[in-house]
Protein chains: 2
Amino acid sequence: MNQIANSAETRERLIQAAIQLFGEHGFKGTTTRQLAEAAGANIGSIAYHFTNKHGLYLASAAYIADELHRRLAPPPLPAPTDREASLATLRTLVARMVHTFTEDDDCRQWLLLVIREQVSPGEAFDILQARAFQPIQMTLSALIARLTGRDPDDRRVILETHTLVGQIVFFLVGREPLLRRLGQDGYDAATVAEIEALMAAQLARYA
Amino acid sequence: MNQIANSAETRERLIQAAIQLFGEHGFKGTTTRQLAEAAGANIGSIAYHFTNKHGLYLASAAYIADELHRRLAPPPLPAPTDREASLATLRTLVARMVHTFTEDDDCRQWLLLVIREQVSPGEAFDILQARAFQPIQMTLSALIARLTGRDPDDRRVILETHTLVGQIVFFLVGREPLLRRLGQDGYDAATVAEIEALMAAQLARYA
DNA sequence: TTGCGATTTAATCAATTGATTAATACACTC
DNA sequence: GAGTGTATTAATCAATTGATTAAATCGCAA
């Protein structure tokens, strides 16, 4: 191998540091010196690998998008006529989302960056939308469409998909107020199981 | 009147500018000079009225909390035994939340500040929690508890309340991806009506 | 009007910011 | 081992940052 190996390592460490720091303090709240130090790299490395601070930000967004897609990747859809299989796929997908948004600490790091792009969408939003949101959205819509006998582009299907996702995502977004109400400081296995059961009950209406 | 009138005006303009700018660019992303200019005030006014930039941030959070509470204020609860009235109150509350989160442009400005406090809760989070989240949370829980014949502190009730709120809030948080999927650039009256109908259908299970 | 505290203003401060530079160290080929 | 292009480093730059200061202005009471 050539020296690109070493280069790729620095690149990777910078992206990891960027995700953590951008996620915690935002874009302007994170300095290039913090990034370099956290990555064990030099300030100049940022310019060398990503042109500038914003380039590193975009690279982080792309990394997050790919990780999200990897975790919530749409499974191969069953035959459109097989209702039972479609429902099973939907259940699996929902369960995976619940686990990801409650138990995966990485997701919490990503949240602020993702939300910021929702509030004022920039270049990073397009990356997230294309690589993560859209595929998941489409898969869920397709499944719900089959189960309700509607068209996947039916507005009712789109809105129902949205409320389904919203319920789950809110365990990540509204995590803090919920945990305080529950008197806990984290989602333990029992709580996650309760949430899963709750969502499974929700899906019963598609059965 | 004494000169406090003029002082209060400057204070108010600073808070309004702060909500807009902090909401759009975050705390570090907003400079004191931007704040002063947007408020038509002098940089020194920030220190005079709020000690420092962070003090202005806290004042903005308090303002947002009060506005949220004002919009979603818990109506007087009906007699605990009156199921019909409880359901009607819940419907009203949900409808009001839908309208607020879809049609109220102010809410979109507040979102980033609120989410940031969820991600890394600071002093501002406690203000939001105490003045806005908690009262709404408690009211909804109380209503759902009555309608399901459970205790308001029952974990199942708490979690169900959370999913209910999550569905609605996600029309604000996940606004951008949804609108793209719908091929619209905003929530028109017809769409809001559809959402309202969808949520009303959700509440049918409590009937 | 005069006086007095409250408020606003312009100027200035030290510190930090993102970016750039030239020099150096590195990995690999010939 | 010399040569070459890649990657890293330390030092430096101009610009911007939040905060502070002393002076100026304001509103009202005596």
Side-chain angles (χ1 to χ4, degrees), chain A residues 1-61 63 112-113 116-117 120 122-124, chain B residues 1-61 63 112-113 116-117 120 122-124:
Chain A
M1 265 301 162
N2 50 15
Q3 66 275 42
I4 290 177
N6 203 351
S7 167
E9 268 178 37
T10 305
R11 225 188 112 90
E12 175 74 14
R13 287 202 312 274
L14 276 172
I15 289 181
Q16 290 303 327
I19 287 173
Q20 163 156 2
L21 291 172
F22 284 144
E24 196 168 343
H25 306 110
F27 180 75
K28 290 271 293 188
T30 304
T31 70
T32 52
R33 284 165 180 82
Q34 284 178 307
L35 290 163
E37 190 189 12
N42 187 275
I43 315 180
S45 305
I46 297 173
Y48 181 79
H49 288 283
F50 306 96
T51 309
N52 53 28
K53 183 184 174 185
H54 187 249
L56 175 53
Y57 178 77
L58 288 182
S60 305
Y63 188 97
L112 189 59
L113 190 150
R116 171 179 295 275
E117 288 297 325
S120 33
E123 210 175 324
Chain B
M1 264 303 164
N2 53 13
Q3 66 272 44
I4 290 177
N6 203 351
S7 167
E9 268 178 38
T10 304
R11 225 187 112 91
E12 174 74 13
R13 288 201 313 273
L14 276 173
I15 289 182
Q16 289 304 327
I19 287 174
Q20 164 157 1
L21 291 172
F22 285 144
E24 197 169 343
H25 306 110
F27 180 75
K28 290 271 294 189
T30 304
T31 70
T32 51
R33 284 165 180 83
Q34 284 178 305
L35 289 164
E37 190 189 10
N42 188 275
I43 315 179
S45 304
I46 296 173
Y48 181 79
H49 288 282
F50 306 97
T51 308
N52 54 26
K53 184 184 173 185
H54 187 250
L56 175 52
Y57 178 77
L58 288 183
S60 305
Y63 188 95
L112 189 60
L113 189 150
R116 172 179 294 276
E117 288 297 326
S120 32
E123 210 175 322

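Note on naming: letters A, B, ... go to the chains in the order of the sequence lines (proteins, then strands), and numbering restarts at 1 for each one.
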So if I take every side-chain heavy atom of B:N42 and compare against C:dG18, C:dT20, C:dT9, which nucleotide ends up nearest? C:dT9
Heavy atoms, side chains only, cut-off 4.5 Å: are A:Y57 and A:E123 in contact? no
Proximal nucleotide (of C:dA19, D:dA7, D:dT17) relative to the A:K53 side chain: C:dA19
Among B:I43, B:N52, B:L56, whose side-chain contact (heavy atoms from CB on, under 4.5 Å) with B:T32 holds? B:I43
Expressed as a whole number of angstroms, how long is the span from B:I46:CD1 to C:dT9:C1'? 13 Å
Take atom CD of A:E9 and atom P of C:dC26, then tell me their distance rounded to the nearest Å. 15 Å
Nearest to the B:I43 side chain among D:dT8, D:dA19, C:dT8, which nucleotide is it? D:dA19
Report the nucleotide, chosen from C:dT7, D:dG18, C:dG18, that has the shortest atom-to-atom distance to any side-chain atom of B:T31. D:dG18
With a 6.0 Å cut-off (strictly less than), is the heavy-atom count around CD of A:E12, excluding the residue itself, greater than 12? yes
For a quick check of understanding: with a heavy-atom distance under 4.0 Å over all strands, which category does A:T51 fall into, base, sugar-phosphate or nothing? nothing
Length of the line joining B:Q34:CD and D:dT17:P, which is rounded to integer Å: 7 Å
Could you give the OH-to-C1' distance, from A:Y48 to D:dA10, as a whole number of Å? 18 Å
So do the side chains of B:I46 and B:L14 get within less than 4.5 Å of each other, counting heavy atoms only? yes
May I ask you to evaluate whether A:H49 reaches the phosphate of D:dT8, defined as a side-chain N or O under 4.0 Å from OP1 or OP2? yes
Find the distance A:K28:NZ to D:dA15:P and express it as a whole number of Å. 16 Å
Between D:dA19 atom P and B:F50 atom CZ, what is the distance in whole Å? 13 Å
Among C:dG18, C:dT20, C:dT8, which nucleotide sits nearest the side chain of B:S45? C:dT8
Is it true that B:Q16 and B:Q20 share a donor-acceptor pair across their side chains at a distance under 3.5 Å? no
Could you state the CG-C1' distance from A:N52 to D:dA15, rounded to the nearest angstrom? 16 Å
With a 4.0 Å limit, can you tell me whether B:T32 has a side-chain N or O closer than that to the phosphate oxygens OP1/OP2 of D:dT17? no
How close or far is atom P of D:dG18 from atom CG of B:L56, stated in whole angstroms? 11 Å
